[in-house]
Amino acid sequence: MEIIRNYIQMEGLNLQDRKRDKVYKRFYLYAYLRKTCGMTLKQIGKEFERDHATIIHGLKKYEYWKDEKYFNDIVKDCQNEFAMGVVNSQSMAMSY
C-alpha cells in the first residue's frame with residue numbers, strides 16, 4: 001500500500017487538479033484499489049482526500065472509459081506500475 005501512496009503523492013493525484021491525465025489516473029487507481037485490494041469507498045477516498053461519492057463517480061467513469069485507446073494511452077505508466085490482477089490483496093497488505 002505504501003507504494004501506491006507514494007505514487008499518489010508523486011503524481012499529485014490527491015490534489016484538486018482537473019487535468020485530464022491526472023483525472024484518468026485517479027479513475028484507474030480507484031478501480032485498482034477497489035478490485036485488487038478490496039478497499040471500501042471510504043478507504044479509497046481517504047487515500048485521495050475525496051469523499052465516497054467522488055469515488056463512485058470515478059468508478060463509473062472508469063467503466064465508461066476503460067476500453068478507449070485515448071484513456072489507456074494516458075494511464076499507460078500507471079497500468080504498467082499497477083496492473084489489475086497482477087498484485088494480489090495479500091501482498092498489498094493494508095495498514096489501517
Side-chain angles (χ1 to χ4, degrees):
M1 191 63 211
E2 198 60 38
I3 295 169
I4 295 173
R5 281 191 189 114
N6 290 338
Y7 186 82
I8 291 169
Q9 292 291 322
M10 183 181 71
E11 293 287 322
L13 300 178
N14 59 334
L15 302 175
Q16 297 293 327
D17 193 343
R18 293 185 183 178
K19 291 181 182 169
R20 188 175 305 206
D21 62 328
K22 294 190 183 209
V23 171
Y24 284 178
K25 288 178 183 181
R26 266 189 229 122
F27 292 169
Y28 178 81
L29 286 175
Y30 292 168
Y32 177 83
L33 293 172
R34 183 75 170 167
K35 291 178 183 176
T36 305
C37 301
M39 293 176 70
T40 66
L41 300 173
K42 189 174 180 179
Q43 290 171 326
I44 296 169
K46 185 176 178 182
E47 295 297 329
F48 289 90
E49 300 175 18
R50 306 276 193 287
D51 66 4
H52 74 284
T54 303
I55 306 306
I56 292 170
H57 173 76
L59 290 170
K60 286 179 182 178
K61 289 297 182 178
Y62 169 78
E63 289 299 321
Y64 179 80
W65 285 105
K66 71 179 179 182
D67 296 325
E68 296 294 324
K69 182 182 178 343
Y70 184 69
F71 176 84
N72 287 310
D73 287 345
I74 289 177
V75 300
K76 188 175 290 186
D77 67 320
C78 194
Q79 288 174 330
N80 291 336
E81 188 94 18
F82 309 108
M84 279 199 214
V86 173
V87 181
N88 64 33
S89 56
Q90 283 77 26
S91 66
M92 295 292 297
M94 291 184 275
S95 57
Y96 289 102

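Predicted model only: the values in this text are computed from it and were never measured.
- Residues Tyr30 and Thr54 meet the side-chain proximity criterion, which asks for heavy atoms closer than 4.5 Å.
- For the 3.5 Å distance criterion, the side chains of Gln79 and Asn72 qualify, holding a donor opposite an acceptor.
- Distance alone, capped at 3.5 Å, places no donor-acceptor pair between the Arg5 side chain and the Glu47 backbone.
- With hydrogens and angles left out, the side-chain atoms of Asp73 and Tyr24 include no donor and acceptor closer than 3.5 Å.
- Annotation: side chain of Met39 is in contact with side chain of Met1 (closest heavy-atom distance under 4.5 Å).
- Other residues, nucleotides and ligands place more than 12 heavy atoms under 6.0 Å from the NZ atom of Lys35.
- Here the OG1 atom belonging to Thr40 is positioned 10.5 Å from the NE2 atom belonging to His52, to the nearest 0.5 angstrom.
- Residues Ile4 and Glu81 form no side-chain contact, since every pair of their non-hydrogen atoms from C-beta on lies 4.5 Å or further apart.
- Using a cutoff of 4.0 Å between basic side-chain nitrogens and carboxylate oxygens, Asp51 and Lys42 are not scored as salt-bridged.
- Just one of Lys60, Lys61, Lys66 meets the salt bridge (charged side-chain N to carboxylate O under 4.0 Å, His left out) condition when paired with Glu63; it is Lys66.
- Atom-to-atom distance recorded for Phe27:CZ and Tyr62:OH is 12.0 Å, nearest 0.5 angstrom.
- A distance-only check finds a donor-acceptor pair linking the side chain of Lys22 to the backbone of Glu11 [under 3.5 Å].
- With contacts defined as side-chain heavy-atom distances shorter than 4.5 Å, the pair Leu29/Val75 does not qualify.
- In this structure, Ile74 CD1 and Lys69 NZ are separated by 10.5 Å, a value rounded to the nearest 0.5 Å.
- How far CZ of Arg50 is from CD1 of Ile44: 13.0 Å, rounded to the nearest 0.5 Å.
- Ring centroids of Tyr7 and Phe82 are separated by less than 6.0 Å, placing the two rings close together.
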Step by step, work out the side chain to side chain contact (heavy atoms under 4.5 Å, CB included) result for Leu41 and Arg34.
CA-CA 8 Å; Leu41 300 173; Arg34 183 75 170 167; 4.0 Å; yes
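- Rounding to the nearest 0.5 angstrom, the gap separating the CD1 atom in Ile3 from the CE atom in Met10 is 11.5 Å.
- Contact annotation: the side chain of Ile8 never approaches that of Lys25 to less than 4.5 Å [non-hydrogen atoms, C-beta and beyond].
- Atom-to-atom distance recorded for Arg26:CZ and Phe48:CZ is 8.0 Å, nearest 0.5 angstrom.
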Set out, in order, the CA-CA distance, both residues' side-chain angles and the distance that settles side chain to side chain contact (heavy atoms under 4.5 Å, CB included) for Tyr70 and Arg20, then state yes or no.
CA-CA 11 Å; Tyr70 184 69; Arg20 188 175 305 206; 3.3 Å; yes
